[in-house]
Asks: 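Let me begin by handing over the structure; questions about it come next.
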Amino acid sequence: MRLVLVGPPASGKGTQAAILTVRLGVPKISTGDMLRQARAARTELGLAAEGFMNAGLLVPDDVVIGLVSERLEQADAQSGFILDGFPRTVVQAEALEALLARRGTPLDVVVQIDVSSDLLLERATLRRTDKRTGQIYHLKYTPPPPDADLEHRKDDQEDTVRKRLDEYDAMTAALLPHYQALGLLKRIDGVGKPEQVTERMLQVLRVAGS
Ligand code: AMP
């Protein structure tokens, strides 16, 4: 299964990708995670990306395209993948299509996760990650255990989340019609418990895969 997940910040893309990677047995490739790791490791790429990320802006296309191209060459991505957070622009989508066409392995489906902006804002601003385990919590809905070593992502602060939501709207204005025109786009409702959203997702994938 070669799958792209599209959804606004805090729509549950990362959570669903983590569940689906186990259910489908293909790797989750998250450009956000890869960029955060590069930033934490202070690599050249991480330092170049840092300013854009902290401001809630997109990292330049050539940087993320290079990152994903390298990742897709690795052995575990040959039998399928779940892309989380990439592509975000039509330039990135076209680069991905060209790369997959060269391998003769086109995308199977692009799933868009729909959630209203008010709920997204609440989810992001109350989202916390345990630095040691990477586990994601929500202070209201899925409170962390007392011994968790919590981090509030810099780009989950309210002003930055608003900016990221605006970026997402601008992005999808072009990206979703692109995938619609290719007949690849499916939409699911992202409101509900993670397992309910997973069921909707698997339903869509069964249809796409049949
Ligand atoms: P995410 O965790 O997917 O919300 O990504 C966090 C941040 O990483 C974004 O706000 C961007 O600054 C950057 N980023 C992640 N993926 C991409 C992408 N495909 N294109 C450009 N910037 C990206």
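The figures here come from the full heavy-atom set of this structure, side chains too, leaving out hydrogens, waters and symmetry mates. Computed from a predicted model, the values in this text were never measured in an experiment. Numbering of ligands and ligand atoms starts at 1, following listing order.
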Asks: Specify side chain, backbone, both or neither for Met34, according to which of its non-hydrogen atoms lie closer than 4.0 Å to ligand 1.
Replies: neither
Asks: Is any N or O atom of Asp84, backbone or side chain, closer than 3.5 Å to an N or O atom of ligand 1?
Replies: no
Asks: At less than 4.0 angstrom from any non-hydrogen atom of Gln92, what atoms of ligand 1 do you find?
Replies: 18 (C), 19 (N), 20 (N), 21 (C)
Asks: What atoms in ligand 1 come closer than 4.0 Å to a heavy atom of Thr31?
Replies: 15 (C), 16 (N), 17 (C), 19 (N)
Asks: Checking a contact table here: which protein heavy atom is nearest atom 13 (C) of ligand 1, and how many Å away?
Replies: Leu35 CD1, 3.6 Å
Asks: Hey, is ligand 1 close enough to Gly85 that some N/O pair sits below 3.5 Å?
Replies: yes
Asks: Around atom 18 (C) of ligand 1, find the nearest protein heavy atom and jot down its residue, atom name and distance.
Replies: Arg88 CD, 3.4 Å
Asks: Would you kindly say whether Asp76 and Gln78 are connected by a side-chain donor-acceptor distance under 3.5 Å?
Replies: no
Asks: Note the single closest protein heavy atom to atom 6 (C) of ligand 1, along with its residue, its atom name and the distance in Å.
Replies: Arg36 NH1, 3.5 Å
Asks: Please state which option from Val59, Leu57, Asp33 has its nearest heavy atom closest to atom 12 (O) of ligand 1.
Replies: Leu57
Asks: If only side-chain N and O atoms count, and only distance matters, is there a donor-acceptor pair under 3.5 Å linking Gln135 with Asp130?
Replies: no
Asks: Just to verify, which of Leu5, Val111, Ile19, Ile29 counts as forming a side-chain contact (heavy atoms from CB on, under 4.5 Å) with Ile82?
Replies: Leu5
Asks: Are side-chain heavy atoms of Arg128 and Ile136 found at a separation under 4.5 Å?
Replies: no
Asks: Look at atom CD of Glu70 and say whether more than 12 heavy atoms of other residues, nucleotides or ligands are closer to it than 6.0 Å.
Replies: no
Asks: Tell me whether the count of non-hydrogen atoms from other residues, nucleotides or ligands lying under 6.0 Å of CZ in Arg187 goes above 12.
Replies: no
Asks: Could you tell me whether the side chains of Gln157 and Thr125 share a donor-acceptor contact shorter than 3.5 Å?
Replies: no
Asks: For ligand 1, is there an atom lying under 4.0 Å from some heavy atom of Glu167?
Replies: no
Asks: Only heavy atoms of Arg164, strictly under 4.0 Å: list the atoms of ligand 1 that pass.
Replies: 4 (O), 10 (O)
Asks: Give a yes or no on this: more than 12 heavy atoms of other residues, nucleotides or ligands lie within 6.0 Å of atom CG of Asp147.
Replies: yes
